[in-house]
Amino acid sequence: MRSTRYQNGSALLIVIVSLIVLAILGSGMLTVAYGVRHKAIRLKNETVSMLAAEAGYEQAVFWMSQQPDMLSALQDAVPGTTGAINFPDGDCTY
């Protein structure tokens, strides 16, 4: 007859191996979630920057369309030549 001592040891080994595999899978999932979070933050920041730059561009185009003589307006520093647009998550200086 076989001893039960060997059977108990094999069950412990299976439990330990399965715990190690689950720990590795959990660590991998956390790493992926961390990367996705940072990618989302970067994408949001890029979008805010692009929209702020576009707003500054549109403001400059509007200001230029209102000026009869651009060169003298820039030399005389007419109001509106420089400015800033502030948003909750970004800003634009022109």
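Note: hydrogens, waters and symmetry copies are ignored here, and every other heavy atom, side chains too, is used. Keep in mind the model is a prediction, meaning the values are calculated, not measured.
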Margin query: Just verifying a value: how many Å separate His38 NE2 and Ile41 CD1, rounded to the nearest 0.5 Å?
Written below: 5.5 Å

Next item on the list: To the nearest 0.5 Å, tell me how far Gln67 CD sits from Asp69 CG.
Entry: 9.0 Å

Check: Are Ile24 and Ile16 connected in the hydrophobic side-chain network, where two residues link if heavy atoms are under 4.5 Å apart?
Finding: yes

Check: How long is the gap from CG on Leu22 to OG on Ser27, to the nearest 0.5 Å?
Finding: 12.5 Å

Quiz: residues 48-62 side-chain donor-acceptor pairs under 3.5 angstrom, not counting sequence neighbours:
residue	atom	partner	partner atom	Å
Ser49	OG	Asn45	O	2.9

